[in-house]
Chemist: 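Take a look at this one; I'll ask things after.
Each chain gets a letter, A, B and so on, in the order its sequence line appears, and its residues count up from 1. Just so it is clear, the model here is predicted, and its values are computed rather than measured.
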Amino acid sequence: MKIMGVGGGAREHALAEAIARSAHSPEIYWVSELRNPGIYKIVKATGGEYALADTKDAGRIADLAVKWHVDMVVVGPEEPNFHGIPDEVERRGIPCIGAKRSLSIIEMSKAEMRRLQWKYNIPGKLLFKTYQSYSEALRDLERYSETLTWLQNVALKPARQAGGKGVKVVEDSQIYLHAEKQEFKERHMRWLEEYMEKYSDIEEKILVEEKVWGPEYTLQCFVDGRTVVGMPLVQDNKHAHEFDIGPETGGMGSYTGRDFLLPFITEEEYKRSIEIVEAMVKAIQDVTGEHYHGFIAGQMMLTEIEGPTLIEMYSRLGDPEGVNVLALLKTDIVDIFEAIIDERLAKMKIEFSDEATVVKSLAPKGYPDFRSLAKGHPVYVNETLIKEKGCKLYWGSAHLGLDGSITTGGSRLIEILAIDESPAKASQRIEECISLNPVKLLDGWGLFYRSDIGSAEMISRRVELAERVRRLYKYREERGTLGKRIDWLPKIGRVDPVASLLKELSFRR
Amino acid sequence: MKIMGVGGGAREHALAEAIARSAHSPEIYWVSELRNPGIYKIVKATGGEYALADTKDAGRIADLAVKWHVDMVVVGPEEPNFHGIPDEVERRGIPCIGAKRSLSIIEMSKAEMRRLQWKYNIPGKLLFKTYQSYSEALRDLERYSETLTWLQNVALKPARQAGGKGVKVVEDSQIYLHAEKQEFKERHMRWLEEYMEKYSDIEEKILVEEKVWGPEYTLQCFVDGRTVVGMPLVQDNKHAHEFDIGPETGGMGSYTGRDFLLPFITEEEYKRSIEIVEAMVKAIQDVTGEHYHGFIAGQMMLTEIEGPTLIEMYSRLGDPEGVNVLALLKTDIVDIFEAIIDERLAKMKIEFSDEATVVKSLAPKGYPDFRSLAKGHPVYVNETLIKEKGCKLYWGSAHLGLDGSITTGGSRLIEILAIDESPAKASQRIEECISLNPVKLLDGWGLFYRSDIGSAEMISRRVELAERVRRLYKYREERGTLGKRIDWLPKIGRVDPVASLLKELSFRR
Amino acid sequence: MNTPGILGIYPFGLGRENWRISRFVYYGLLALQHRGQEASSIITLGDDLHVESRRGLVEDAFNEKALLSIPGFIGVGFLSSASNDSPIVISSPIRLVLVGDGMPLLGKDRQSAWRAFAELLSDEISRTGNSLKAAVKLVEEVNGGYSFIALTEDQEMLAGRDKYGIKPLEIGSLGFDLGAIASETSALDVLGMDHVLSVGRGEVVRFDPYSIERMRVRELPNPAYCSFEYVYLARPDSILNGIPVYSVRIRMGEILAKETPATADTVIGIPETAIPFAIGYSRASGINVDLGFVTTGRRVRTAIKPSVFERLMGVQLKLNPIKSAVNGKDIILIDDSVVRGTTLRNTVWNLKRRGARRIHVRIGSPPLKFSCPFGVEIPPPDELIARSLSEEEIAEVVGADTFSFLSVNGLSQALGLPPSNLCLRCWLGGVKS
Amino acid sequence: MNTPGILGIYPFGLGRENWRISRFVYYGLLALQHRGQEASSIITLGDDLHVESRRGLVEDAFNEKALLSIPGFIGVGFLSSASNDSPIVISSPIRLVLVGDGMPLLGKDRQSAWRAFAELLSDEISRTGNSLKAAVKLVEEVNGGYSFIALTEDQEMLAGRDKYGIKPLEIGSLGFDLGAIASETSALDVLGMDHVLSVGRGEVVRFDPYSIERMRVRELPNPAYCSFEYVYLARPDSILNGIPVYSVRIRMGEILAKETPATADTVIGIPETAIPFAIGYSRASGINVDLGFVTTGRRVRTAIKPSVFERLMGVQLKLNPIKSAVNGKDIILIDDSVVRGTTLRNTVWNLKRRGARRIHVRIGSPPLKFSCPFGVEIPPPDELIARSLSEEEIAEVVGADTFSFLSVNGLSQALGLPPSNLCLRCWLGGVKS
């Protein structure tokens, strides 16, 4: 059996590893833009081949699959989905684990995702507005107190998934700092407009979404077009630095708890979350007429407005969240892939080992916002040491040269995984490992990572936060006001922002 | 029987009237500096004579008594006492109702009075200091927070009785207004020093006394050298204007309650007050070896420190307080005078009618502090109208010219008395009388008086104030700390200002 | 809301000209600062008249030390929340300067109404030659809810109140030297003065160098004391018309607890005005009271700031929730009044963010629905949330569990006066003129 | 009492240079104003370093609007109650600016001790080339009770605490953009930041343009958190070392009620610090709590004013008694601490003047008897009334019925920490060095 993978990050390293674990003993083929040292080793060990290519080039990827006579293709990252790799591969008759282009729109266009959710009235919604230009957005945002209340505290996002970049949350609720915040919002929206110029596949440039607060978690699932199977919840940590400070990254580390849950998420909340994802899958299939085969993930937040709330969707596994769940997956992943292709997931029993995991990313300084600084540094890794300390290493954004040297790719370089009975213990194990400096950049450039991820301190803070939020949404539930937002504006009177949004959406249709 | 009176104010008018009421039907003779129209009328009606003279000239007054062959002399005001009129009159063999010079020192020297009280440890004392010059006083007062606490809130007084003039109370407890208060204190003390130059009979110029707060009242008494007989309490009102605002005057009006008491003074407090006056009389007699024959009065205040407290003493009746009590006196005053002379007051029953009285003074504008403005204005009075309204008129500082015209003398011109079942009713009666303008200055110069004296509003405020103070001194009494003052100064430690004062006094002796 | 603070200080007797009065006015105004934060004036009269009008808070507008150099022994002070507000100066026929709280019904806006009033006063004094009678005549004839202090060229200080006694005016004295008139007793307290009495409704008090005289209009209607003074405007340590503001607010809280009880873990008042309401509610309900907020920076009265922006800013700096006082608790949140509801919504949201559970909002006054004819600047009706929404709807908008106002009867009961003796126009609309 | 407030704000990521940070520092300092009212500094770093040091309150020293023109995206703030206090600027070998709370034991006075510390830091960074290690080494070697924030020429911000954690230091974050360090969480709250954690004792946190790193000294002694922070210094909405100040003060009041009960009609706290104590006392005793005082003018922390005169002035403007709350009542009067007793005596006297009956004074802390080795400027021992008089004698001097302090055990209980984990030197004298 031959399986080809697409994509070169740590998530793909974990995927390759999981495939390699299969009882089917597949020959593994891989294609990515940089030569991932970890995947390369696995590919070589299985007797497969590794090619470098533009993973957005559907023809080129499909050609390779055909050339290698693979039995199935597994797509790791989102961009190949957006560019129709699954569509093209399947057109060539090869089954693919990956969301087709039209389905992956729920990740690619954050606006479309949200419109779909509102259209199908799926729980966990947020108010939003989209703009084609920054000046248009500004008109709404600069009128401080005459405008709808929710527009004061917003997330400014690129309307399209843009490599996890460009999201700013501006809570403009300290009016005495309004001038600074306003200026910052303006500058950022101008930047967003420019930044989005390079994506020609979407008209809307800027998404303004109501700002919510609460603990975040990721629910990753297998989908076969009929059934959605949830995996253990993972909490990813988006802030670049310790203490949840600093810019949004792809994820600086993540952890799982026990029993599919996180210490701050209840079973009922898990259930609601998976219902949301199921409903979203159903909706996108309904709209597109396509069957969703592959991974899907809801990046969720527990909010006071509705409890489990959808922040964004992934048409793939998360990174690093994928690393956590794949490490726990006991069922043969190739069996699962086959079940997805045959749309018989419902009948399958998928098992995960009931242990806690923690993953921490190591990134060269400069990541995420100044990647040129982070790129091209020679890497030294002491893999033996990592193994000795009971940890596992996954290669991320790194390139294995033909001379055997490894250089940084500019994104997260390495992810280190530990499994233990609690996140705190697993985290502590990684800390001990890292304190021995198993990874270095040979030119002296710095690496950074977050020591706090998975720590007891972090988890107790998340628990406290979740309790505060849960109290509020439970209370709304009791009163039947989940999701309800009512505003009253002097001179205007009572306003229902939900009704306004729905009106606008139907008008748009 | 021939009786001669000395002094020309409303108090003396009331005295003359009381004497005229006597069953002894005395011939009344009088001497004063201005020709009081009221007394003049009485004198004439009894067939007596009226002379104008300097009432501080003991020889001249005694000469007149001898010339007129009077059986006794009654002194009204304090200055004749200070100048030894009683001494001289008695030296000529005529009995006199009036404190001898050495006895009247308790009025004349406020410092001596206080020293006597401390020496004999008589209750109701205040802390004090005396100075011979303003610069000396300043040294103590300008050190705000390093000095004893009591020196922050003080009454600045001329050390000698000086016509009720020159008392300023400066509560320097708002430190943010300290600069203003300090400047004001300085200026006033400089003025005091200058003002006191004209009194050669005393070395100390300035008395600084601890400021106290509480309701004031006057306890007037007859004394015969053995027995002190108290009269009904009177409340005088020293402030020139409505609402207790403005400069200190001789008294702008006064009232009595029922049963010898005031609505805000208890029987027990009356008893304590009279004990204080008795002790003071005993003390001054002890020091001088003289017998006190005449009137004495304690100007009292209920204070938090000791309850009934002596503010000043009068060696005579108060004015206007004398008017109130004489109006109520049922016993023949000449009998009382005779009993005083014979020192058999103890055996006498002195009765007052149990009614409330109110006296209000009318003064020309300019009184008390700008008397030159208040002097020399022609007066019109409609006595019939006053009588019709159930009030009585007493002439004060006025001069009856030989042509029958009356001019103002610069002090309180007229006192109007009403008697009723309560002060409020009596006050109201006077109000109705005054609203008909029975008194005018013919040159258009203004008169003023206080409408609030004796009103229900005023009395309820006094009651409330008395309750607050009573609570505090009763509480001290309970704890045995009446009169105790303890201070603690940083760097210095615990200080007992009473002990310091006693030490200073004994050192002085 | 424009409810100026006025103050007059007048020395008597020997050495009266020795007083430097400017800083007395300054400190007196400080104690009235809550009545106006946009304009402040210090007027002194000695050999000359000095009128110093500045913008902003007294402490910012005047340098307390520099004031020592302003001469004059008679002083008048004025504060307003309208930055263009200033004392009225009339130069003929009788020269006088006048400051006023509230508004005589003589013009569209405060400034023009007071100018007309001052002109009439000047004319009338000139005509009759008696300033006291002239002022009483005006008070008799001019309707409105107002009090004023005027200083004439003859060193006479006149202080008077409208016939209904709508706006307050209180009298104080200091030692044997000073008399004073102020909008509230807080100013008298801070100057170390004894509070004596209120100026009566329809009464004028005149201070001249040698006397104080007072006179009242002949026919006195029932009083109609401004109830909003007790709800919000006045400082809690003030005693107006003989009624202590603090006790009234405590009682309002107590009555509120009886009228609209709720189950909760703690009662929290929105600083500073509503803290006594909360204490009262706590007493009557037996529920603990907590301090819920800490104020940052200057104490600024938010309801009287001119723009929405500034108001919100004030509220936010004023209301940092104390997390440990609210986290995990059901809260009864008390405010004095509700205007637009914006700040209340912000506050409720902030409390929930810090972990509050249920929030029951209770307002210590009836629904604010009408504008004030006497210049208390309440926003236009379409900006008053109580005018357009029911209690249930307001609860929904502000995010509260339940929401209730005090009844008008409850208000009257707390004040210990029948509704017929109160001005209730802002709650009930124009009843009397 | 000199307990400076320090604050650092550091932006990360895309567009970090777009932040104008000066007003963030300004508002953050406003929320730390209670820690120092005589000197304030705003330091910004962008293309250049700007150090603006002024005298007086932040609101007076800086024009909030004019701050918009100060460039720089990294900001540090400093407040002190010593008017000559200012940030330490070192120009070589490594250029850096440092602000500190408390005091390292490196010199006689705060200013020279901090200068020595900053010089050592500059030298050590230059020697090792690693600012984080350099700072940790210093913290390891230099005794004292201190926390600091330093900004180096390489745009590194270092924030650290002494080994015992005597002085507080807290971390916050805002959105995806800003990180901050402040003496108290109140500053984080006012900036709309999330409070994350405390800087650990003996820990240094380094912010650089691309990362945050933290490192701790190897051997950690027991903590010795400054107990005076909880008694008086910190704002009640702050959470220091994970312990909410408000709750501690409530508990102190509760314990006080148990340790020294009294019969009374009402419990009154001296504003602003002692109000939570009063609430706690009221809860534990079942006696009503009342607001007893109203503050006039600016809120000024009186205990940190330099002269007796200014302190008294502050107290007087701060403490106008509400007559109707005290008249005719037996009162339990609570204050946080007693230094000279002057202001307490003044207050007791004022309450009695307004009609209070019995006054039982209760102090929410033990007798203050010793000076602070870490720069909290407590007056010399002969000016501390608790050092020379017994409770009975103090009662007599201040005019109180009874007078009691909280016990040291009570204090420790209220904090939920054993005495061995607290710095108690001001109450008990030097125990550890």
Chemist: Identify which part of D/V205 has an atom lying under 4.5 Å from any heavy atom of chain A, answering side chain, backbone, both or neither.
Modeler: side chain
Chemist: Decide yes or no for D/R214 and A/D452: does some side-chain heavy atom of the first lie under 4.5 Å from some side-chain heavy atom of the second?
Modeler: yes
Chemist: Where does D/L68 contact chain A at under 4.5 Å (heavy atoms): side chain, backbone, both or neither?
Modeler: side chain
Chemist: Test side-chain contact (heavy atoms from CB on, under 4.5 Å) on D/Y27 and A/E180; report intermediate values, then the result.
Modeler: CA-CA 12 Å; D/Y27 281 103; A/E180 280 80 0; over 6 Å; no
Chemist: With a 3.5 Å distance limit and no angle check, can you tell me whether A/D369 reaches the backbone of D/G13 through a side-chain donor-acceptor pair?
Modeler: no
Chemist: Is any side-chain heavy atom of A/K365 less than 4.5 Å from a side-chain heavy atom of D/D208?
Modeler: yes
Chemist: Heavy atoms only, distances under 4.5 angstrom: which of D/W19, D/Y10, D/Y26 has the most pairs with chain A? Name it, please.
Modeler: D/W19
Chemist: Mind running side-chain contact (heavy atoms from CB on, under 4.5 Å) on A/K181 and D/L174 for me, showing each step along the way?
Modeler: CA-CA 12 Å; A/K181 301 269 179 85; D/L174 180 74; 4.2 Å; yes
Chemist: For chain D, find which of A/H188, A/R450, A/E171, A/E457 contributes the most heavy-atom pairs closer than 4.5 angstrom.
Modeler: A/E457
Chemist: Could you look at A/W213 and say if it's the side chain, the backbone, both or neither that has a heavy atom under 4.5 Å from chain D?
Modeler: neither
Chemist: Locate the shortest heavy-atom distance separating D/R23 from A/A179; write the atom from each residue and the value.
Modeler: NH2-CB, 3.9 Å
Chemist: Given a strict heavy-atom distance threshold of 4.5 Å, which part of A/V167 is in contact with chain D: side chain, backbone, both, or neither?
Modeler: both
Chemist: Sort A/F243 into side chain, backbone, both or neither according to what part of it lies under 4.5 angstrom from a heavy atom of chain D.
Modeler: both
Chemist: What part of D/F207 gets closer than 4.5 Å to chain A, counting heavy atoms only: side chain, backbone, both or neither?
Modeler: side chain
Chemist: Measure distances from D/L197 to the heavy atoms of chain A and classify the residue's part below 4.5 Å as side chain, backbone, both or neither.
Modeler: side chain
Chemist: To check you understand the geometry: which heavy-atom pair defines the closest contact between A/Q174 and D/V190, and what is its length?
Modeler: CG-O, 3.3 Å
Chemist: First locate atom CZ of D/R206, then atom CD of A/E242, and finally report the distance between them rounded to the nearest 0.5 Å.
Modeler: 12.5 Å
Chemist: What's the spacing between D/F176 CZ and A/K238 NZ if we round to 0.5 Å?
Modeler: 8.5 Å
Chemist: Counting heavy atoms not belonging to D/E219, are there more than 12 under 6.0 Å from its CD?
Modeler: no
Chemist: Could you have a look at D/E213, D/R16, D/R20 and say which one has the most heavy-atom pairs with chain A under 4.5 angstrom?
Modeler: D/R20
Chemist: By the definition side chain to side chain contact (heavy atoms under 4.5 Å, CB included), identify the one residue from A/F370, A/F448, A/Y367 that meets it with D/Y210.
Modeler: A/F370
Chemist: Starting at CZ of A/R461, measure out to CG of D/D194 and round the result to the nearest 0.5 Å.
Modeler: 9.0 Å
Chemist: Between A/K168 (side chain only) and D/D177 (backbone N and O only), is there a donor and an acceptor less than 3.5 Å apart?
Modeler: no
Chemist: Assess whether side-chain contact (heavy atoms from CB on, under 4.5 Å) is satisfied between A/D244 and D/V196, documenting all intermediate values.
Modeler: CA-CA 8 Å; A/D244 293 329; D/V196 187; 5.5 Å; no
Chemist: Measure D/L14 against the heavy atoms of chain A and call it side chain, backbone, both or neither at under 4.5 Å.
Modeler: both
